[in-house]
Amino acid sequence: MDRLLPRVLRVDLTRKRSWVEERPDLFRDRLGGTGAAIELLHELCPEGADPLGPENPIVFAVGALSALYPLASKTVALFKSPHTGNLGESHCGGRTAFALRLAGYGALAIEGRSDVPVYLSIHDGGVRFRDARTLWGMGSSVTVGRILRDVEPGSGHRTILRIGRAGERGVTYAAAIAETYRHFGRLGLGAVLGSKNLKAIVVSGQGAIPVAEMGRYQKLYRELHERAVRSDLMKKYHELGTAQNVGPLNEMGALPVRNLQATRYPEEPAFSGERLAQGYLGRRLACAGCPVACIHLAALREPHPEEPYFYKTTFVSYDHEPLYALGAMLGVEEAAGVLKLIDAVGHVGLDAMTAGVVLAWATEAFDTGLITERETGGVRPRWGDVAVYREMVRRIADRDSEFYRVLGEGVRAAAARYGGAEFALHFGGNEMPGYHTGPGALLTYLAGARHSHLDSAGYAVDQDLLRRGEELAPPDLARRLLAEEARRQVLSSLVICFFARGLYDFPTIAACLGALGDDWDEGRLRNLGAEVLRRKHAFKVREGFRLATLPIPERAMTTPAPGGAVDEEYLRQALAEMERWLEGNDGLEG
Amino acid sequence: MAKRLAVVDVERCVDCLLCAQACARRFGEGGLARSAIAVRSAGGVERGFVVVVCRACDDPPCLHACPVGAIEKGPVGVRVVLDRCIGCKACVAACTIGAVRWDEGGGKPVICVHCGLCARFCPYGVLALEEVEGG
Ligand code: SF4
Ligand code: SF4
Ligand code: SF4
């Protein structure tokens, strides 16, 4: 292991101090990323901490392969989530991992609260606390990025993380935005940054990373690069991006539509990957160090409201999840409408997925009379009405009245206040992702560390079982999901993009580490995965999480998945098995 | 036949920095400290990118600017004779397109040698080695 990776940059916003702490233990035994960050969180976050209080730390971490191997291009952030009141984990691409690693840090831990709005400027080994009062309250997160681009050094090898208005005002699902089109989306990192009066973080670095065995490293790099470039993985993510999922999910009846009242549109949605690529795709981008370039920017051309022959062209990045949440969930029919909503949500800095599910809940609550124009302030939410949804997004970010304030805390809070719990699509407080494929997906949402589809790919297991016409007994499905979830802890400790999961099996990872002078084998990696997963679970339990009593949204049970309606009892049995494993110490079959 | 590195289709650049990483590996290290090629957004990523790399001038300003003769003509482009270099950065200032990069650790310039390693790792054909005219 090189001597730079174990350096943890600690920042105390209250005292405006920073220092470097050497933590070889975390990076040697845990490889960095989630594995290291969860330990730091256990150490730095006091039990029962207020997520929006100065005592809640934010830990960013990269891993042993970051900036060295293809697709080890993500950064993980761990914090206590203001949205669920529990473990918050979020991953982001862009240039953050590259910049942190080349600045000579394995992790960045931020604590305390500044008395005035500041941003952090981290270059050439120095940390500066810069006044951000001018940036605070600015209409658009895009403008903030533009300004920082001009005033900060490091162009070409820096990251610019920032929050929007939603984060400043404590909307519990506010995102942090990197490089304009990448996000730490889920679980409210933006609100935690806002609570610290921290508007942005700029990091640049272009150091060298020593490599123990250059010949071996070069050879492995070449092989991985070749495989990444030639594989279908690259082709499908590069060509259509994750948006390619929209069409097939719709066809199989697994795309949540109108708050999961339905699971498909009668025809291929206007915002499917193919149709967006044909009509709107303007540019593709990659995270630093990734050959795949799955980031798709749509060019949205809108006529000026008053001036004839004047157009505004906006670039909007689209992915399956925002398309699902701000398109299908809201019953939007045209592609431009979804893009406009994604853009609106990005400007104020909300998590697109959560925002969509919240608006969907509000629409159904309005339809059923649980809320009226009195609550909404004269706004009439209606399926597919993009203009109205845009207005609501603005009001949520501004926390404009009692009703929008509650909407700014997610559907769990909204249902607790106004009713409609049976159609409030949240899992442990976190809103539903865009796959209604069956029990595997639902278990992933319930039990995963992020309550996200990316936790253990339950949706992929569902589809695999459907294809084979197989069914698994609850404990078997539970163990299969846990095994994959444990494996993913290794990937997220190295912070390898999950899209590259097929590329990085354990022998490959061991070889990659070997070239860097680190001695790992399959067994040790497997143990690490299980251990990190249990350490995360321990943090969750410490903060009051109970798998056994987790509410399961009724709507997810009554609206059938492709294999039929999911049975609650089945899920409960699987959850019991998961809990037994997470709190015990027996091993899992790979 | 001498070949020169050229940016042949910058529209396809996705800012993955694999080219810059590949260049740095020439020195047996990871990172970007001694990479001779840089990629920057052209004012926001939606506008696309510029790839900054030596153009192999016929009459190189960087060479003329060097007060101690540490930059010499190479087969294509220039070569930096490191132990002659005094770290004054005159070459950096002289190259109009900013293609002389600076190795902060070593305090010396880094200039592309037109080996083409970067082009081999660019997944999108942005870079290529081209025959030098009359070369
Ligand atoms: S470094 Fe700049 S000035 Fe020197 S040869 Fe290359 S392009 Fe010309
Ligand atoms: S041609 Fe060689 S020296 Fe020049 S940028 Fe590419 S890899 Fe570096
Ligand atoms: S490798 Fe190619 S696509 Fe990637 S940054 Fe370099 S020139 Fe652009």
Side-chain angles (χ1 to χ4, degrees), chain A residues 2 4 65-71 73 94-95 98 101-102 104 124 142 145-146 149-150 155-157 179-182 205-211 213-215 217-218 221-222 225 228-229 234 238 282-295 297 299 313-317 516, chain B residues 9-53 97-99 101-110 115 117-127:
Chain A
D2 73 82
L4 295 174
L65 306 187
S66 301
L68 284 172
Y69 286 99
L71 284 135
S73 44
R95 287 199 185 138
F98 230 68
R101 185 82 171 90
L102 298 191
D124 305 320
V142 180
R146 209 169 282 153
R149 212 158 58 215
D150 287 342
S155 167
H157 45 84
E179 283 66 271
T180 311
Y181 300 109
R182 300 277 77 196
Q206 50 179 336
I209 311 174
V211 172
E213 294 184 46
M214 200 57 196
Y217 167 66
Q218 297 256 37
Y221 186 99
R222 235 178 0 251
H225 178 81
V229 170
M234 167 108 158
H238 177 69
R283 190 172 286 286
R284 290 190 188 86
L285 301 175
C287 297
C290 167
V292 176
C294 78
I295 307 163
L297 298 190
T313 304
T314 320
F315 284 83
V316 185
S317 84
L516 304 179
Chain B
D9 189 359
V10 79
E11 280 308 314
R12 293 174 68 182
C13 177
V14 296
D15 194 28
C16 62
L17 300 180
L18 297 194
C19 53
Q21 276 184 296
C23 183
R25 286 198 298 273
R26 290 181 304 145
F27 295 97
E29 63 194 24
L32 296 178
R34 288 191 274 177
S35 175
I37 186 166
V39 183
R40 280 203 318 260
S41 76
V45 291
E46 56 279 355
R47 304 239 177 104
F49 301 92
V50 283
V51 179
V52 184
V53 69
I97 60 168
R101 300 201 64 250
W102 199 252
D103 166 18
E104 294 292 342
K108 305 275 155 132
V110 186
C115 66
L117 191 64
C118 52
R120 270 206 265 149
F121 284 93
C122 172
Y124 299 106
V126 175
L127 307 164

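Nothing here was measured: the structure is a model prediction, and the numbers come from that model. In what follows, chains carry the letters A, B, and so on, assigned in the order in which the sequence lines appear, proteins first and then strands, with residues in each chain numbered from 1.
- For the set E29(B), E104(B), E46(B), the count of heavy-atom pairs under 4.5 angstrom toward chain A peaks at E46(B).
- Within 6.0 Å of CG in D9(B) there are more than 12 heavy atoms belonging to other residues, nucleotides or ligands.
- For C13(B), the part sitting under 4.5 Å from any heavy atom of chain A is the backbone (N, CA, C, O) and nothing else.
- Considering only residues two or more places apart in sequence or on other chains, E213(A) meets the salt bridge (charged side-chain N to carboxylate O under 4.0 Å, His left out) condition with R216(A).
- For L285(A), the parts sitting under 4.5 Å from any heavy atom of chain B are the backbone and the side chain alike.
- Looking at residues two or more places apart in sequence or on another chain, you find no side chain to side chain donor-acceptor pair (under 3.5 Å) involving H225(A).
- Put simply, the side chain of V50(B) does not reach to within 4.5 Å of the side chain of V10(B), judged on heavy atoms.
- Ring orientation note: the planes of Y69(A) and Y217(A) are nearly perpendicular, at an angle over 60° on the 30°/60° scale.
- Under the side chain to side chain donor-acceptor pair (under 3.5 Å) criterion, R149(A) pairs with no residue, sequence neighbours left out.
- With a 4.5 Å cut-off on non-hydrogen atoms, V292(A) touches chain B through its backbone but not through its side chain.
- Side chains of Y221(A) and P70(A) form a contact here, defined as non-hydrogen atoms less than 4.5 Å apart.
- The side-chain heavy atoms of V126(B) and V14(B), taken from C-beta on, include no pair separated by under 4.5 Å.
- Most heavy-atom pairs under 4.5 Å with chain B: of the set M234(A), H238(A), E179(A), R284(A), this distinction falls to H238(A).
- Between chain A and the residues R101(B), R120(B), R12(B), R34(B), the most heavy-atom pairs under 4.5 angstrom are made by R101(B).
- F27(B) does not touch chain A: none of its heavy atoms, backbone or side chain, sits under 4.5 Å away.
- With respect to chain A, the highest number of heavy-atom pairs below 4.5 Å among V52(B), D103(B), L32(B), V39(B) belongs to L32(B).
- Scanning both residues, Y124(B) and A293(A), for their nearest heavy atoms gives OH-CB, 3.7 Å.
- Among the residues in residues 18-26 of chain B, those with a non-hydrogen atom closer than 4.5 angstrom to a non-hydrogen atom of chain A are L18(B), Q21(B), R25(B).
- With hydrogens and angles disregarded, a donor-acceptor distance shorter than 3.5 Å links the side chain of R101(A) to the backbone of S66(A).
- Top candidate by heavy-atom pairs under 4.5 Å with chain A, chosen from A38(B), P123(B), G105(B), is P123(B).
- Residues G31(B) and L102(A) come closest through the heavy atom pair CA-CD2, 3.5 Å.
- Only the side chain of Q218(A) comes within contact range of chain B, with at least one heavy atom under 4.5 Å from a heavy atom of that chain.
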